[in-house]
Undergrad: 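This is the structure I want to talk about, given as structure tokens.
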Amino acid sequence: MSAKVHRKDVDMEQQGAFAEPLLAKPEELVEDTPKNNGGMDLQIIKPKVKSSVDLSNSDDLICINLSGKKFFVMLKNFVNLPTSRLGCMVRCGEKSEIEKYCDKYIDGEIPEYFFDRSGKGFNDILDVYRGGTLHINNTGVCSIQMRKELEFWGIDELLLDPCCALRFYPEIEVCEKEISRQTCSEKKYLERLKEEDFGTSKLGKLRKTLWNLTEYPETSHAARFCAFTSISVVILSTVTFVLSTLPELTDNIDIMLFDNSTDNTTGIVRWDEGILALRIVDELTMWFFTIEYLVRFTCAPRKWKFFKSPLNVVDLLAILPYFIGFIVEGIKDTLVVGRAGKVLRLVRVMRILRVFKLVRHFAGLQSLLSTLKQAYKELGLLMILVWVTVLTVSSLVYFAEKDAVAKWSFLDSFWWGLMVLTTVGYGSTAPTTPMGKMIGGFCALMGVFILALPVPIVVNRFTDFANNYKNRLWRNEVLMKKQGRAEQNKEK
């Protein structure tokens with residue numbers, strides 16, 4: 001009766017620093033010289049697994065083939081990192097075991113290990129075995145892809161040297177943020193498509209067309225033309241508002257509301273034709289804004305969401321003064337106008353809100369508002385710093401000027417401190433005592449430093465948003481192209 005005895009031929013004292021316990025498997029065993037033991041034939045089997053000592057003493061050459069690109073490496077280089085993919089692969093003795101780590105194995109004088117993957121950046125992987133540290137050269141590989149390569153080959157990214165880590169990890173962060181933004185953008189785009197599904201009826205198609213024309217300038221040339229027309233009308237309306245403040249072109253209702261004396265208009269020749277022309281232009285622009293708002297509100301898929309949007313609230317507030325003006329013009333009793341004068345003046349001043357309609361069409365204004373929104377913590381800290389500094393300086397100058405000829409109240413000191421700290425100045429008001437002048441100089445110097453603090457913060461935020469905006473533009477363009485291609489395929 002014959003039997004096989006499995007034995008591990010491993011000498012722990014001869015193993016290298018990176019050696020791992022080697023496990024023998026039945027198919028990896030070979031028969032040794034049979035011996036007789038009490039009438040029973042025994043065969044001593046030893047594994048065909050290479051130890052770290054065998055690798056370190058080997059002068060053999062192996063070939064690693066990555067999709068046709070061959071890399072010839074000395075076998076002894078793989079003494080390091082025995083738990084990595086290549087470290088485990090070269091220690092295997094049977095073809096079946098080797099092909100657990102590679103796609104194909106070809107035995108020969110120079111054994112060849114084939115991997116069906118790109119060879120970009122593989123020199124950096126091999127250098128880890130040669131030198132023991134990881135350096136990432138300019139291989140044209142994305143940082144995210146390079147991290148996946150390290151995971152595939154079983155290389156710990158903590159081996160990365162600081163010189164390359166300074167570039168690798170920030171790039172990883174940028175790539176992950178961009179992937180997250182892309183995912184979020186696609187999610188919002190799909191939600192928007194679901195929300196703006198107007199149906200396949202003629203009315204639904206008409207609403208879809210009008211909605212795209214007035215809301216999304218990037219959808220077509222006609223939408224861009226509508227956006228350009230809207231911008232032009234906003235600018236024309238703003239110019240009309242500015243010209244209407246000139247004494248020669250002031251309307252009667254504005255004279256009634258804003259001019260409290262009867263002598264200011266003496267000697268000014270009013271240009272009636274110009275007043276009439278400005279009034280006609282103003283009415284045309286306001287009717288354009290009204291029709292545009294009503295069309296957008298009618299075609300909006302969700303009316304309440306449209307109504308409470310900040311930009312749409314600005315559009316509504318820019319329209320309301322025109323219609324309230326009809327009521328004001330009908331008031332002939334000057335006593336009534338005098339009682340409601342403050343409210344009516346506020347309504348007329350609200351016409352300047354038309355200029356804020358430009359925010360909808362200019363990316364620069366949107367980026368500025370977004371920058372202020374993102375940097376609210378830093379700007380809030382700046383405001384607290386300014387407040388504390390002004391309060392401190394105001395208290396000091398109040399007590400310093402208490403015995404001066406011109407008496408200062410604490411409110412006067414506070415106003416003076418705010419004006420000096422912001423480098424605006426407060427006219428003839430200035431401290432007269434030596435201590436007050438010293439405090440004033442210190443306040444002016446502090447103002448220069450404090451005002452310089454938020455500049456790099458805002459600039460960096462603005463730059464980030466500008467880059468973000470460019471990326472968002474091409475993401476939207478790609479999504480629109482995908483949607484157009486999907487619609488074409490659906491029609492086919």
Side-chain angles (χ1 to χ4, degrees), residues 4 6-33 43-137 139 141 145-157 159:
K4 290 184 179 180
H6 295 180
R7 149 177 92 80
K8 296 181 182 179
D9 188 13
V10 178
D11 189 356
M12 297 302 294
E13 295 180 355
Q14 296 178 355
Q15 290 184 352
F18 295 94
E20 293 285 330
L22 305 177
L23 300 178
K25 295 188 178 181
E27 60 269 22
E28 296 172 344
L29 306 179
V30 296
E31 297 183 356
D32 202 352
T33 306
Q43 291 178 334
I44 306 301
I45 310 301
K46 64 180 181 181
K48 277 189 175 180
V49 179
K50 300 174 185 177
S51 66
S52 297
V53 177
D54 296 334
L55 294 179
S56 61
N57 296 329
S58 175
D59 291 330
D60 295 339
L61 193 67
I62 65 171
C63 175
I64 301 176
N65 188 336
L66 299 180
S67 298
K69 189 174 182 179
K70 296 183 179 181
F71 298 84
F72 292 93
V73 194
M74 297 297 295
L75 187 60
K76 61 183 179 182
N77 288 324
F78 297 99
V79 173
N80 298 326
L81 305 178
T83 58
S84 64
R85 178 179 290 269
L86 295 179
C88 294
M89 182 185 69
V90 299
R91 283 170 171 79
C92 295
E94 289 293 331
K95 181 177 180 180
S96 59
E97 293 295 320
I98 293 175
E99 289 185 348
K100 292 181 180 179
Y101 299 98
C102 64
D103 297 315
K104 192 72 175 175
Y105 172 69
I106 303 174
D107 198 3
E109 183 179 355
I110 299 179
E112 183 173 338
Y113 304 86
F114 177 79
F115 292 87
D116 188 17
R117 61 192 301 112
S118 174
K120 282 187 176 181
F122 189 66
N123 280 322
D124 299 334
I125 303 296
L126 293 179
D127 287 340
V128 179
Y129 295 95
R130 298 186 182 110
T133 57
L134 177 61
H135 288 272
I136 298 178
N137 301 315
T139 56
V141 180
Q145 184 62 30
M146 192 63 194
R147 171 176 277 182
K148 293 179 180 179
E149 289 290 317
L150 294 176
E151 292 177 358
F152 176 80
W153 297 111
I155 305 298
D156 192 351
E157 65 182 37
L159 294 173

Undergrad: Report yes if the side chains of Phe114 and Ile106 come closer than 4.5 Å at any heavy-atom pair, otherwise no.
TA: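 In short, these two side chains do not touch, never coming nearer than 4.5 Å.
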Undergrad: Of all heavy-atom pairs between Ile136 and Met146, which one has the smallest distance, and what is that distance?
TA: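 What the structure gives for the nearest pair is CD1-CG, 4.0 Å.
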Undergrad: Looking at side-chain heavy atoms only, is the closest gap between Leu159 and Thr133 below 4.5 Å?
TA: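 The answer is no, as the side chains (C-beta and beyond) never meet within the 4.5 Å cut-off.
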Undergrad: To the nearest 0.5 Å, tell me how far Asp156 CG sits from Leu134 CG.
TA: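 So the gap between those two atoms works out to 9.5 Å.
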Undergrad: Counting C-beta onward and ignoring hydrogens, is there a side-chain heavy-atom pair between Val128 and Trp153 closer than 4.5 Å?
TA: no
Undergrad: Could you go step by step and tell me if Tyr129 and Val79 meet the side chain to side chain contact (heavy atoms under 4.5 Å, CB included) rule?
TA: CA-CA 8 Å; Tyr129 295 95; Val79 173; over 6 Å; no
Undergrad: Could you check whether the rings of Phe115 and Phe152 sit parallel, tilted or perpendicular, using 30° and 60° as the cut-offs?
TA: perpendicular
Undergrad: Side chains of Leu126 and Asn77, heavy atoms from C-beta outward: is any pair under 4.5 Å?
TA: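 Sidechains of Asn77 and Leu126: no contact.
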Undergrad: With a 4.0 Å cut-off, would you call Arg117 and Glu149 a salt bridge?
TA: yes
Undergrad: Measuring from Thr83:OG1 to Leu81:CG, what's the distance to the nearest 0.5 Å?
TA: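 One gets 6.5 Å once the value is rounded to the nearest 0.5 Å.
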Undergrad: Are Val90 and Leu75 side-chain neighbours, meaning at least one heavy-atom pair lies under 4.5 Å?
TA: yes
Undergrad: Should Lys76 and Asn57 count as side-chain neighbours, where that means a heavy-atom distance under 4.5 Å?
TA: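 No, side chains not in contact.
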Undergrad: Out of curiosity, Asn80 CG to Leu86 CG, how far, rounded to the nearest 0.5 Å?
TA: 12.5 Å
Undergrad: Got a second to check how far Glu94's CD is from Tyr105's OH, nearest 0.5 Å?
TA: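 Here the rounded value is 10.0 Å.
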Undergrad: So how far is it from Cys88 SG to Lys100 NZ, rounded to the nearest 0.5 Å?
TA: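 If I round to the nearest 0.5 Å, the distance is 11.5 Å.
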Undergrad: Between Leu66 and Ser118, is the side chain to side chain contact (heavy atoms under 4.5 Å, CB included) condition met? List the steps.
TA: CA-CA 6 Å; Leu66 299 180; Ser118 174; over 6 Å; no
Undergrad: What distance separates Tyr101 OH from Tyr113 OH, expressed to the nearest 0.5 Å?
TA: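 Nearest 0.5 Å value for the OH-OH distance: 12.5 Å.
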Undergrad: Taking the side chain as every heavy atom from C-beta outward, state whether Asp107 and Lys95 have any pair of such atoms under 4.5 Å apart.
TA: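 The answer is no, as the side chains (C-beta and beyond) never meet within the 4.5 Å cut-off.
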Undergrad: Do any N or O atoms from the side chain of Asn65 and from the backbone of Lys70 form a donor-acceptor pair under 3.5 angstrom?
TA: no
Undergrad: Are Leu61 and Glu109 side-chain neighbours, meaning at least one heavy-atom pair lies under 4.5 Å?
TA: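 Of all side-chain heavy-atom pairs linking Glu109 with Leu61, none is under 4.5 Å.
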